[in-house]
2 protein chains.
Amino acid sequence: MSKTSKTSYAVLGMLSIAPMSGYDIRQTMKESTSNFWSESDGQLYPALASLHKQGLISCKMEKNENEREKKIYSITAKGMALLTQWLTRAAETQSVRSEILLKLFFGANVSPDVSREHIQMHCYQTKSMLAQLAASKKQLQHEHKDSPHLPYWLMSIDYGMQIAEAKLAWCDGVIEKLNKMKSERK
Amino acid sequence: MSKTSKTSYAVLGMLSIAPMSGYDIRQTMKESTSNFWSESDGQLYPALASLHKQGLISCKMEKNENEREKKIYSITAKGMALLTQWLTRAAETQSVRSEILLKLFFGANVSPDVSREHIQMHCYQTKSMLAQLAASKKQLQHEHKDSPHLPYWLMSIDYGMQIAEAKLAWCDGVIEKLNKMKSERK
DNA sequence: TCGCACATGTAACGCGTTACATGATTAC
DNA sequence: GTAATCATGTAACGCGTTACATGTGCGA
């Protein structure tokens with residue numbers, strides 16, 4: 001088990017929700033955690049193979065009508081123990097890199113218009129993300145009414161939404177300031 | 001020039017503020033952009049060498065009294081052109097990975113206490129970051145009163161502060177919900 | 001004299017992305 | 001028929017972190 005990579009834990013976590021195929025895990029991540037976590041194919045499938053080899057997950061072949069055969073993985077007791085152990089450990093602080101903030105930081109080298117365009121774009125993207133999150137939230141509340149996972153899923157969505165709101169407020173302020181700077185430079 | 005890495009641009013940007021040594025760049029980044037951007041030694045020094053070889057920055061040896069000799073780099077016209085070109089291009093969207101949110105997402109597998117502890121810790125860390133940002137802001141306003149960079153620097157600090165405030169509000173809500181879940185489980 | 005801040009680098013390693021490879025089934 | 005979705009993987013590459021390596025000057 002790698003000391004630094006969290007891919008295996010993300011996979012174990014997904015399988016703690018329900019037995020799934022690799023493809024299912026990808027889809028589930030896209031629909032639920034993509035806002036704060038995602039894995040690429042190149043990480044996912046080798047992780048599944050490695051977890052299986054270690055006995056942390058088990059694998060059954062399944063073939064329903066009109067479906068191609070797929071591998072359904074389930075978390076084992078051993079895997080569950082490792083997952084809860086990881087869940088209990090404190091999260092490591094990760095370094096963030098935001099290209100848009102870096103560009104804004106060096107904004108004095110270009111016209112305020114340039115920065116304003118970037119922020120404007122960021123604003124649009126954030127709004128679209130907010131809409132997606134709101135939709136996800138509604139869907140989750142409907143489709144997983146009685147799941148013990150629901151409250152936790154909602155909290156993680158709320159994080160995204162509240163951060164997005166804060167970003168939008170910041171964007172507004174920045175655009176206003178940049179407009180002022182532009183008119184003062186005239 | 002690498003297509004994907006932004007390290008070179010970060011370095012060029014720093015040198016657009018003032019001529020500096022590699023060490024100075026590290027210090028400046030720590031004090032100003034660490035909240036949203038940082039570079040390690042293993043990135044910084046090779047980047048400086050490469051930029052120099054490409055004629056994007058120039059290098060002078062300097063030795064003041066009671067100081068060991070150091071290399072002071074300055075951005076060239078060619079480097080400045082490349083920087084502004086990059087600044088004008090739209091920022092690529094980067095994928096974020098938040099271990100704490102991933103743990104919260106899988107929180108149903110452990111006691112609500114575990115999640116609450118994590119969030120509590122996150123709250124403390126965010127508060128300390130907020131205090132640091134407030135201090136930086138004050139210092140910047142004082143030390144760079146007339147710099148054309150100041151408004152941009154303040155905007156990037158405000159981003160950190162506003163996001164931090166939103167995080168704190170979210171933490172409060174989550175802790176409350178987790179406490180409720182705990183009492184309901186009794 | 002011991003440790004810390006200054007100062008500059010190199011090398012190894014692992015992680016994560018991207019592109020490639022394959023192939024079945026379904027909808028248009 | 002052909003594009004999209006389902007489904008599983010591999011391989012190369014580059015980036016970024018960490019640890020290592022070296023040495024100066026200053027303060028306690």
Side-chain angles (χ1 to χ4, degrees), chain A residues 1-11 14 19-31 33-34 36-53 57 59-73 92-99 102, chain B residues 1-11 14 19-31 33-34 36-53 57 59-73 92-99 102:
Chain A
M1 205 68 178
S2 153
K3 283 266 155 67
T4 53
S5 176
K6 277 99 191 182
T7 297
S8 301
Y9 297 115
V11 171
M14 284 295 153
M20 275 187 260
S21 70
Y23 194 81
D24 293 335
I25 291 175
R26 284 201 58 191
Q27 295 308 107
T28 309
M29 279 193 174
K30 253 183 214 163
E31 288 163 20
T33 66
S34 62
F36 55 85
W37 200 273
S38 57
E39 299 288 349
S40 60
D41 282 4
Q43 293 276 105
L44 184 53
Y45 286 105
L48 281 169
S50 155
L51 288 169
H52 187 225
K53 217 167 92 182
I57 60 178
C59 178
K60 253 190 252 178
M61 298 304 270
E62 195 179 290
K63 187 175 176 341
N64 296 342
E65 262 183 283
N66 299 331
E67 257 183 22
R68 65 169 288 202
E69 203 174 36
K70 55 182 176 178
K71 297 181 178 176
I72 304 290
Y73 293 97
E92 287 160 49
T93 51
Q94 61 260 296
S95 58
V96 187
R97 278 183 149 200
S98 165
E99 193 185 344
L102 189 65
Chain B
M1 205 70 179
S2 153
K3 283 266 154 69
T4 52
S5 176
K6 277 99 191 181
T7 298
S8 301
Y9 297 115
V11 171
M14 284 295 153
M20 276 188 261
S21 68
Y23 194 84
D24 292 335
I25 291 176
R26 283 200 59 191
Q27 295 309 106
T28 309
M29 279 193 174
K30 252 183 216 163
E31 287 162 21
T33 67
S34 61
F36 54 85
W37 200 274
S38 57
E39 299 288 349
S40 60
D41 281 5
Q43 294 276 104
L44 185 52
Y45 287 104
L48 281 169
S50 154
L51 289 169
H52 188 224
K53 218 166 91 182
I57 59 178
C59 178
K60 253 189 254 179
M61 299 303 271
E62 196 178 289
K63 189 183 178 330
N64 296 341
E65 262 184 284
N66 299 331
E67 257 183 21
R68 66 169 287 202
E69 203 174 35
K70 56 181 174 178
K71 298 181 177 176
I72 304 290
Y73 292 98
E92 289 160 47
T93 51
Q94 61 259 295
S95 58
V96 186
R97 278 184 149 198
S98 166
E99 193 185 344
L102 190 63

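Naming convention: chains lettered A, B, ... in sequence-line order (proteins, then strands); numbering from 1 in each chain. Everything numeric here is computed off the predicted structure, so don't read it as measured data. Basis for what follows: all heavy atoms, side chains included, without hydrogens, waters or symmetry-related copies.
- Not counting sequence neighbours, the partners of B:Y9 by the ring pair (Phe, Tyr, Trp, His ring centres under 6.0 Å) test are B:W86.
- Residues satisfying the side chain to side chain contact (heavy atoms under 4.5 Å, CB included) test with A:S8, not counting sequence neighbours, are A:M1, A:L51.
- Judged as a side chain to side chain donor-acceptor pair (under 3.5 Å), and not counting sequence neighbours, the contacts of A:T7 are A:S5, A:E39, A:Q43.
- Spacing between atom CE of B:M61 and atom C1' of D:dT24 amounts to 14 Å, rounded to whole angstrom units.
- Scanning for salt bridge (charged side-chain N to carboxylate O under 4.0 Å, His left out) contacts around A:D41 gives A:R26, with sequence neighbours left out.
- Residues that satisfy the side chain to side chain donor-acceptor pair (under 3.5 Å) test with B:T28, not counting sequence neighbours, are absent from this structure.
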Going 5' to 3' through nucleotides 6-16 of chain D and flagging B where a protein heavy-atom sits under 4.0 Å of the base, S where only the sugar-phosphate is that close, and - otherwise, we get BBBBBB--SSB
